[in-house]
> 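Quick one: the structure is below, and I'll ask about it shortly.
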Amino acid sequence: MNYKKILKEIETEIQSELKKGKVADYIPALAEVEPNQFAMTITLADGKQYSVGKSKEYFSIQSISKVLAFSLAIDTYSTSLYKRVGVEPSGSPFNSLVQLEYENGIPRNPFINAGAIVVMDALMSHFGGDYAALEKVMNFTREISDNPIIQFDPIVAKSEMEHASRNLALSQLMKSFGNFENDVHEVVRTYFKQCAISMSTEDLSRAMIYLAFNGKDPISNKEFLTEAQAKRINALMLTCGHYDASGEFAFNVGLPAKSGVGGGIVAVVPNIMSIAVWSPRLNAYGNSHVGTLALQLFTTKTGLSIF
Ligand code: GLN
């Protein structure tokens, strides 16, 4: 397959869409990002990468980090984690409070905010505090992306902490139901730092290849998850990776994938490749408008989808 040519075609075809959608402005630091940018990278099993656009530019991975933290947590807690967070699509926005009340403080899945905050709470309990838990997530991210200099952006994290009411409310609600172990502010602050990790599409695409190959990175030969664990994370990405637009994403793109409000999306083609795409303007569901379109074009042109 001529991936270079296909990526170039996609880059050309998305140009007319680059000004559609809005950057996330509920986190003021994200609103400052130049909005009309685009990058896409694929990584194959032998480590070969193909990119178009600004594939070296660092951006805020936001909710994509939920996949990284959940990978660590599932390896640490195994199935006992599912007592605290479910595995059903929510059909609701990523920061919705309503369902959490009805369902007694147990978030539907680890990829909505409440679920990811519980995962951070669990990591802090296990590793002995905010600093240790964040270090584990950071080191895991550096290892899977084979990039030791990855950091979180403290300006983005601080900016989100200054507008944290909804995430604090989700956490307080979970605490009221007994599904919280640590200090609410400390957990939310650490969760924001995790969301503020900065990576490029080259980093992210490289990082996700363990999920395309059953938990084992085919480039480094390191096994990060068991086959069963990787299978479950891919199932969750397919059903919950785009919140209340997950069905539409599966319908149009047909790959397990996870989005973030920084405009990034990662996707895996099982046993073939991992993909990262970035364009900051979002659709109404908080997913990258052009990122979604680029992935849809990719699976249409290549015929690579899981269906
Ligand atoms: N940090 C963001 C939040 O908690 C992540 C949301 C997202 O990327 N969908 O609101």
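Ligands are counted one by one from 1 in listed order, and the atoms in each one are counted from 1 as well. Bear in mind that the values here come from a model prediction, so they are computed numbers and not experimental data.
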> Using a 4.0 Å cut-off to any heavy atom of Gly260, which atoms of ligand 1 qualify?
8 (O)
> What distance do Asn283 atom CG and Glu248 atom CD have between them, rounded to the nearest 0.5 Å?
7.5 Å
> Hey, quick one: are Ile112 and Val261 part of the same hydrophobic cluster, counting side-chain heavy atoms closer than 4.5 Å, chains of contacts allowed?
yes
> Check each of Glu160, Lys258, Arg166 against atom 3 (C) of ligand 1 and report the one with the nearest heavy atom.
Glu160
> Can you confirm if the aromatic rings of Tyr243 and Tyr285 lie within a centre distance of less than 6.0 Å?
no
> Number the atoms of ligand 1 from 1 as they appear, then name those within less than 4.0 Å of a heavy atom of Tyr243, with their elements.
7 (C), 9 (N)
> Does ligand 1 have an atom under 4.0 Å from some heavy atom of Gly286?
no
> Using a strict cut-off of 4.0 Å, indicate which atoms of ligand 1 neighbour a heavy atom of Cys195.
1 (N)
> Nearest protein heavy-atom contact for atom 10 (O) of ligand 1: which residue, which atom, what distance?
Tyr26 OH, 2.6 Å
> Check for me whether the distance between the ring centres of His126 and Tyr77 falls short of 6.0 Å.
yes
> Could you name the option among Ser63, Ser259, Ala24 that has the heavy atom nearest to atom 6 (C) of ligand 1?
Ser63
> Is Asn167 touching ligand 1 with its side chain, its backbone, both, or neither, if touching means heavy atoms under 4.0 Å apart?
side chain
> Consider ring-ring contact (aromatic ring centres under 6.0 Å, His included). Of Tyr58, Phe38, Phe59, which one does Trp278 pass it with?
Phe59
> Counting each atom of ligand 1 from 1 as listed, which ones have a heavy atom of Asn113 under 4.0 Å away?
3 (C), 4 (O), 6 (C), 10 (O)
> Please write down residue, atom name and distance for the protein heavy atom closest to atom 4 (O) of ligand 1.
Tyr191 OH, 2.8 Å
> Salt bridge check: are Arg232 and Glu227 linked by an N-O gap of less than 4.0 Å?
no
> Under 30°, 30 to 60°, or over 60°: which ring-plane class applies to Tyr50 and Tyr3, parallel, tilted or perpendicular?
tilted
> Would you kindly specify which portion of Val261 sits under 4.0 Å from ligand 1, judged on non-hydrogen atoms: side chain, backbone, both or neither?
both
> Give the residue, atom name and distance (to 0.1 Å) of the protein heavy atom nearest atom 1 (N) of ligand 1.
Gln62 OE1, 2.6 Å
> Distance-only, no hydrogens or angles: does the Gln15 side chain make a donor-acceptor pair with backbone N or O of Glu11 under 3.5 Å?
yes
